[in-house]
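Proteins get letters first, then strands, A, B, ... in listed order; numbering begins at 1 in each.
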2 protein chains.
Amino acid sequence: MAGGGERRKKTLTQPSPASGRGLKGHFEPDAPASGRGLSKRAEPDARRQSLIEATARVLARDGATGASVRPIAVEAGVSPGLINHYFAGIDALIAATYSAVGEQVSNALAAAVAAAGNDPRARLTAYVTASFAPPIADRALLATWIAFWSLTGKPQIAERHDAIYARYREDLEALLADCGIAPADRRLTAIAITALVDGLWLELCLSPDSFTADEARGLAERQLESYFVRSANSDR
Amino acid sequence: MAGGGERRKKTLTQPSPASGRGLKGHFEPDAPASGRGLSKRAEPDARRQSLIEATARVLARDGATGASVRPIAVEAGVSPGLINHYFAGIDALIAATYSAVGEQVSNALAAAVAAAGNDPRARLTAYVTASFAPPIADRALLATWIAFWSLTGKPQIAERHDAIYARYREDLEALLADCGIAPADRRLTAIAITALVDGLWLELCLSPDSFTADEARGLAERQLESYFVRSANSDR
DNA sequence: AACCTTATTATACGATCGTTCAACAAGCAA
DNA sequence: TTGCTTGTTGAACGATCGTATAATAAGGTT
């Protein structure tokens, strides 16, 4: 919508006085911004990934309001124009970051399950309580997540949200199945557990003084127990 | 750095063609924005209230990103400068709106409880399930709430959040007490119920296709039951 | 009437927003 | 070497952000 299309012919024809190399001067000669190297002519995939990671860091640090083109470019050690070379716009970059962060969270949960051994109940508990320990229980991750929620008005972002949450519930349903929860109960049980965990996680990050991570873990475990008690009663 | 600061001198020196009264032109002559009258020299308290309500409407419509001075002023049928006359800044206005909307929600829940009659269990159920019906279960209200969450980095907003949630849990604890939940259990029970309801409410508003309001209500009711079953067992 | 107080408007400022684009630079092919 | 492709820069645009402020308008007091 912004930016014209014809005015440039005259304006920029004469080269600007000091535009030899540009960016370099603002940073350490070869290590831009925050440690990421990648200063020149990166592999397209690596550059895309680096931009996504920079966006995630900015979202975690400054939330939705701070995640604008220039700060992200600075964080990535790159000029602002480059973002539009790799992504259709800032919204597309943020959407891609949503998917990437969602994947990371998913991996962290999977790791917690894997570390729990082979007992189905232990694996389920691990999956559920992982949200109350690092790296999930993290104020910065919540800020990132809220930023995504605040953008679900755009269909592009809403799609990612649905996909990420659907997968979360799918994983949970599989774990419930391994624990012997009846197929007809799995869907709603997964929804309830997801909601409880989300709500506890949200409030735990938002105002950590109202209860502790241990209390949250205890509440989630009790909720799980109640499903098995009920299931045992109705099965018999 | 961009845009320059010198070109404006010319651009804006001549007043915009139709700026006798300014805002008026966009709307009905004497009923600015959305029905609020109050066009000139209002009582300070009424004006403050009208600005807060306009902010709430804009937050509901456009979320956190859209809640900036000018759109709010348009919604209130007022010039942008007036906002800084009544509030220390846009952040203060939004904080005040948080309190006001929190109060409204609180009132809506109280009304649901009052409508439920005298049976303590019915009153508790009404309080809990009111979140899955209008006016609470509303995409626009969620957008408002997410906007507040996204600002909890600022201490001013975080305080309001803590106060609002503390009150929510207090009310819930009182209802639990009426239902005979042991004093020692009330705090954590209230936290768990709040979390479940919040999580269900969040996802119900965010992606309404994953489950229905009725299902959410059913899940919340079952959770309540489980607390009474447990309590009955341990009491006897 | 003249005066004072204050609600309100309208405009301006400097900063920053997302996007565009001509120019520069790096690597590869011929 | 010369060309060609393309990653990359830096500057500019128009829009909009939050805030400040001089001028105007309204109401009340004397």
Side-chain angles (χ1 to χ4, degrees), chain A residues 1-27 32 38-48 50-51 62 64-74 76-94, chain B residues 1-16 18-24 32 38-48 50-51 62 64-74 76-94:
Chain A
M1 185 180 291
E6 76 293 34
R7 95 196 88 85
R8 219 62 58 124
K9 282 164 206 151
K10 294 272 193 63
T11 328
L12 284 188
T13 307
Q14 75 284 5
S16 58
S19 69
R21 173 60 176 70
L23 240 283
K24 271 284 186 59
H26 299 159
F27 304 102
L38 221 56
S39 33
K40 316 216 71 177
R41 195 110 188 162
E43 297 261 338
D45 283 352
R47 180 66 81 190
R48 272 185 68 95
S50 131
L51 288 174
D62 303 323
T65 357
S68 46
V69 170
R70 284 167 188 77
I72 291 173
V74 169
V78 121
S79 91
L82 195 58
I83 286 179
N84 281 290
H85 185 271
Y86 283 99
F87 295 91
I90 182 69
D91 288 348
L93 172 54
I94 291 182
Chain B
M1 184 177 294
E6 75 291 34
R7 103 189 83 85
R8 219 62 61 116
K9 279 166 206 151
K10 296 272 194 62
T11 326
L12 284 187
T13 307
Q14 74 283 6
S16 59
S19 70
R21 171 61 175 62
L23 258 308
K24 273 282 186 58
L38 222 56
S39 30
K40 315 217 75 175
R41 193 105 189 168
E43 296 261 339
D45 282 352
R47 180 65 82 191
R48 271 184 69 95
S50 131
L51 288 174
D62 303 323
T65 10
S68 46
V69 171
R70 285 167 186 78
I72 291 174
V74 169
V78 120
S79 91
L82 196 59
I83 285 179
N84 281 289
H85 186 269
Y86 283 98
F87 296 91
I90 182 70
D91 288 348
L93 172 54
I94 290 183

Next on the checklist: Quick check: closest heavy atoms across B:L51 and B:I72, and the distance to 0.1 Å?
Outcome noted: O-CG2, 4.4 Å
Checklist entry - Hey, does A:I90 reach any base, or is it just sugar-phosphate, or nothing, if we go heavy atoms under 4.0 Å? => result sugar-phosphate
Item to check | From D:dT19, C:dT9, C:dT19, nucleotide with atom closest to B:L82 side chain | outcome: C:dT9
Item to check | Gap between atoms CZ and P, on A:F87 and D:dT8 respectively (whole Å) | outcome: 12 Å
Item to check | Length of the CG-P vector between A:N84 and C:dC21, whole Å | outcome: 11 Å
Checklist entry - Whole-Å distance between D:dA11 C1' and A:R70 CZ? => result 10 Å
Checklist entry - Within this structure, what is the CD1-to-P distance between B:I83 and D:dA20, rounded to whole angstrom? => result 14 Å
Item to check | For atom OH of B:Y86 and atom P of C:dT6, their distance in whole Å | outcome: 12 Å
Checklist entry - Reckon B:G81 touches a base, only the sugar-phosphate, or nothing at all at heavy-atom distances under 4.0 Å? => result base
Checklist entry - What is the minimum heavy-atom distance between B:T65 and B:D62, and which atoms define it? => result OG1-O, 4.1 Å
Item to check | Rounded distance (Å) that lies between atom P of C:dT19 and atom CD1 of A:I72 | outcome: 11 Å
Checklist outcome for this item: Nearest-nucleotide check on DNA chain C, B:H85 vs A:S68; residue mapping nearer the 5' end is B:H85
Checklist entry - How long is the gap from CG on B:L93 to OH on B:Y86, to the nearest 0.5 Å? => result 13.0 Å
Checklist outcome for this item: To the nearest angstrom, the CG-C1' distance between B:D62 and D:dT16 comes to 14 Å
Checklist entry - Is any side-chain nitrogen or oxygen of B:R47 closer than 4.0 Å to OP1 or OP2 of C:dT8? => result yes
Next on the checklist: In whole Å, I'd like the distance from the CG atom of B:D45 to the P atom of C:dA7.
Outcome noted: 11 Å
